[in-house]
Visitor: 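To start, I am sharing the structure in question, which I have written as structure tokens.
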Amino acid sequence: MPSQMQYLLDNPERVLELTWDHIQLVGVAILVATAIGVPLGILIHRVRWLQLPVLNLSGLLYTVPSLAFFAILIPYTGIGKTTATTALAVYSLLAIVRNTSAGLDEVDRASVDAANGMGMTAFQRLRLVELPLALPYILTGIRIATVAGISIAAIAAVIGAGGLGRLIFDGIRTVDANRIIAGSIMCILLALIADFGIGRLSLLIRRDLRASAERGS
Amino acid sequence: MTYNGILQLNGCLFWKRDCHAFSLLRPTIPSRHPNNEDVVMGKGVCLLLPMITLENVTKIYRADGHTTNAVENVSFTVNEGELAVLIGPSGSGKTTTMRMMNRLEEATSGVISVNGRNIRSMNVVELRRNIGYVIQQGGLFPHFTVAENVSIVPRLLGWNKKRQRQRAEELLALVDLDPSVFADRFPRQLSGGQQQRVGVARALAADAPIILMDEPFGAVDPITRNQLQRWLRQIQRDVRKTIVFVTHDINEAFLLGDRIILMKDGQIQQNGTPADLLRHPASDFVKEFIGDEFALQALEHTYIAELATTEVPAMPDDGLVISGDLSIPEASREITQSESTGHEGFWVSNGNGEPDGYVTYEEFASVISEGIASDVENENRDEINPELIGKENAKPDAISPR
């Protein structure tokens, strides 16, 4: 085993604790972003003139450097998890809103027409037809946001939000490459697992996709 | 054998493939429809009850300062149990006309009534649940199984799961898809023709009295389309729904339609039975539309001489003479283009001018209809249980036309 992995092997509890912190941080942020982003995506799909301002605004927010964003938020939300979660949720918004709206746009006209024609209410159409069919797009949005969120969350350690960023910043401060490597490896692992896991989620929910995936393999 | 022919009554021409006595069993109807036309048939009385009525319906689209009259001042009636075909070139307003019936489009002016009620006064969801709707490629939901697709309207109506499933299996059997094979498949695992059948089954699931079909067979290959057309005719014989069917295929219109409404530029060019359109085309456009597009491939090889009877009535001066070696499509072209359609039939000559055969238009029209559907007649449909189709249409004491 290379010596660079030593920290990871010597302090498994510490690493796991920080990893769990990290998961919580990103998880809560993604949940919040989804809870806001999906309805917002539905809204701009239905009310077309809102599309441009909403996407532009969330695109603009996305370009704000994360450190600056934390700094801007601190006067309002203080130091710690709340600020980090807020910033992460705002960053995640763009991908989720845009993909929700794009996914709904991509739903086959025939399915929407059939749903209307058979007498579904707008809500039934959304619940039974449009959201399930847009699901792969929405999950892709969540996936992109999650993977990006995992790396951005590492920076949040600067403002005392905890997580794997702690290892990295501690490593920088004490000139201990092993800590930096341990933190980075766990971040990468988390991102890979999230990427794969959320990717599989649509197969779990949509039986028809699962059926064709099984047939294809 | 089904009664087949043209019935001339009160100056109106009715083309009835068969006649159910269902209206006798509905005491409430005469008071609601004072203008019933009674058609007395050999085996019972058919009341032609208006199911869908359009009065001066206009649809105007406004976009970017332009106004387009998609449908202009259209009026017609579709009777109960009738299959009415809306046909015309693209942009003729046929689809818009149909979509106004379930308020997928709102009419700009005019009145549309379904079963005697102005649809504007009805709850739109309620209205649509009472109207089956089939679109091109079936419009099946890809994420639902075949059974779930079929039972979606029962689900919306709050039936329990078991009853939904049962209904789906009944309907799949009705549309000739083995439930044990197809019920749990997903639409993309089906061929285009099978998807189309599921689409029809879905429209029948809640036993709505009316079904709207928007070019349902437009996206399948010609052979499958032909099978589906024959199959629909058979199904319609069993379920007797009021069907409005949009197509641009004149063969399809003649094969399926009890009534054909030919549209162009948002206006009705002619509204009549297939025989009407053939015998009395209302305009050059109708002639052209029928003449150019009415290929009748199935009848290309049937010749007039084969239809001619040897009992030849005396030919008046303006009698129409058709050469016996013409095929049926060729002859129908001659008939639509000729001026002398005032008689009951035409005379057939075999070579040297003097007519030695005679064909009534009634016979001619029924051959066209029967000829296209001849394979259907041979199919054994006894396995269909009338109870599956819905009580409304399978009254045990209804007089069988066969």
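The sequence lines fix the lettering, A, B, ..., with proteins before strands; numbering per chain opens at 1.
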Visitor: Can you say whether A/Arg207 sits under 4.5 Å from chain B via the side chain, the backbone, both, or neither, judging by heavy atoms?
Guide: both
Visitor: So which part of B/Arg103 gets closer than 4.5 Å to some heavy atom of chain A, the side chain, the backbone, both or neither?
Guide: neither
Visitor: Using a cut-off of under 4.5 Å for heavy-atom pairs, which of A/Leu135, A/Asn116, A/Asp208, A/Leu128 has the most such pairs with chain B?
Guide: A/Asp208
Visitor: May I ask you to decide whether A/Arg166 forms a salt bridge with A/Asp21, counting only side-chain N to carboxylate O separations under 4.0 Å?
Guide: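 A/Asp21 and A/Arg166: not salt-bridged.
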Visitor: Would you please test B/Asp221 and B/Thr224 for side chain to side chain donor-acceptor pair (under 3.5 Å) and show each step?
Guide: CA-CA 5 Å; B/Asp221 64 86; B/Thr224 309; 2.6 Å; yes
Visitor: Report the C-alpha distance between A/Arg98 and A/Ile96 in whole Å, list the side-chain angles of each, state the deciding distance to 0.1 Å, and finish with yes or no for side chain to side chain contact (heavy atoms under 4.5 Å, CB included).
Guide: CA-CA 6 Å; A/Arg98 195 172 51 194; A/Ile96 294 174; over 6 Å; no
Visitor: Heavy atoms under 4.5 Å from chain A: which residues of residues 122-130 of chain B carry them?
Guide: B/Val125, B/Arg128, B/Arg129
Visitor: Start with the C-alpha distance between B/Asp249 and B/Thr247, add both sets of side-chain angles, then the distance that settles side chain to side chain donor-acceptor pair (under 3.5 Å), and finish with yes or no.
Guide: CA-CA 5 Å; B/Asp249 176 352; B/Thr247 182; 5.2 Å; no
Visitor: Quick check for you: among B/Glu148, B/Gln136, B/Arg185, which has the greatest number of heavy-atom pairs under 4.5 Å with chain A?
Guide: B/Glu148
Visitor: Begin with the C-alpha distance, continue with both residues' side-chain angles, and end with the deciding distance and a verdict on side chain to side chain contact (heavy atoms under 4.5 Å, CB included) for B/Met101 and B/Val244.
Guide: CA-CA 9 Å; B/Met101 293 175 186; B/Val244 178; 3.8 Å; yes
Visitor: Consider side-chain contact (heavy atoms from CB on, under 4.5 Å). Of B/Glu106, B/Arg120, B/Met100, which one does B/Ile112 pass it with?
Guide: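 The residue from B/Glu106, B/Arg120, B/Met100 that satisfies side-chain contact (heavy atoms from CB on, under 4.5 Å) with B/Ile112 turns out to be B/Met100.
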Visitor: So, using side chain to side chain donor-acceptor pair (under 3.5 Å) as the criterion, who are the partners of A/Asp105 when residues are at least two apart?
Guide: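 Listed in chain order: A/His45, A/Arg48.
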Visitor: Which value, rounded to the nearest 0.5 Å, describes the distance between B/Arg202 atom CZ and B/Tyr133 atom OH?
Guide: 10.5 Å
Visitor: Tabulate, in ascending numerical order, the residues of residues 85-98 of chain B having at least one heavy atom closer than 4.5 Å to a heavy atom of chain A, or enter 'none'.
Guide: none
Visitor: Checking heavy atoms, do the side chain of B/Leu140, its backbone, both or neither come under 4.5 Å from chain A?
Guide: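 Contact with chain A involves the backbone of B/Leu140 alone.
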Visitor: Rounded to the nearest 0.5 Å, how far does CZ of B/Phe76 lie from CD1 of B/Ile261?
Guide: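 One finds 4.0 Å between CD1 of B/Ile261 and CZ of B/Phe76.
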Visitor: Would the A/Tyr91 and A/Phe69 ring centres measure less than 6.0 Å apart?
Guide: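 Here the rings of A/Phe69 and A/Tyr91 have centres that are less than 6.0 Å from each other.
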Visitor: Pick one of side chain, backbone, both or neither for A/Leu209, based on which atoms fall under 4.5 Å of a heavy atom in chain B.
Guide: side chain
Visitor: Among residues 155-165 of chain B, which ones touch chain A with a heavy-atom distance under 4.5 Å?
Guide: B/Arg155, B/Leu156
Visitor: Which value, rounded to the nearest 0.5 Å, describes the distance between B/Thr108 atom OG1 and B/Lys59 atom NZ?
Guide: 4.5 Å
Visitor: Between A/Ile180 and A/Leu167, is the side chain to side chain contact (heavy atoms under 4.5 Å, CB included) condition met? List the steps.
Guide: CA-CA 6 Å; A/Ile180 300 176; A/Leu167 283 181; over 6 Å; no
Visitor: Quick one: which of B/Ile119, B/Asn102, B/Thr242, B/Thr53 gives a side-chain contact (heavy atoms from CB on, under 4.5 Å) with B/Val114?
Guide: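 Testing B/Val114 for a side-chain contact (heavy atoms from CB on, under 4.5 Å) against B/Ile119, B/Asn102, B/Thr242, B/Thr53 leaves exactly one candidate, B/Ile119.
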Visitor: Under a 4.5 Å cutoff for heavy-atom pairs, which residue among A/Ala110, A/Ser111, A/Gly117, A/Ala114 has the most contacts with chain B?
Guide: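 Ranked by contacts with chain B, first place is A/Gly117.
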Visitor: List the atom of A/Ser92, the atom of A/Ile30, and the distance in Å for their closest heavy-atom pair.
Guide: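 Residues A/Ser92 and A/Ile30, closest heavy atoms: OG-CD1, 3.5 Å.
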Visitor: Do A/Leu67 and A/Val158 touch side chain to side chain, with heavy atoms closer than 4.5 Å?
Guide: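 Side-chain contact under 4.5 Å: yes.
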Visitor: Could you walk me through whether A/Ile44 and A/Val97 satisfy the side chain to side chain contact (heavy atoms under 4.5 Å, CB included) test, starting with their C-alpha distance in whole Å, then the side-chain angles of each, then the deciding distance to 0.1 Å, before giving a yes or no?
Guide: CA-CA 9 Å; A/Ile44 66 170; A/Val97 172; 3.7 Å; yes
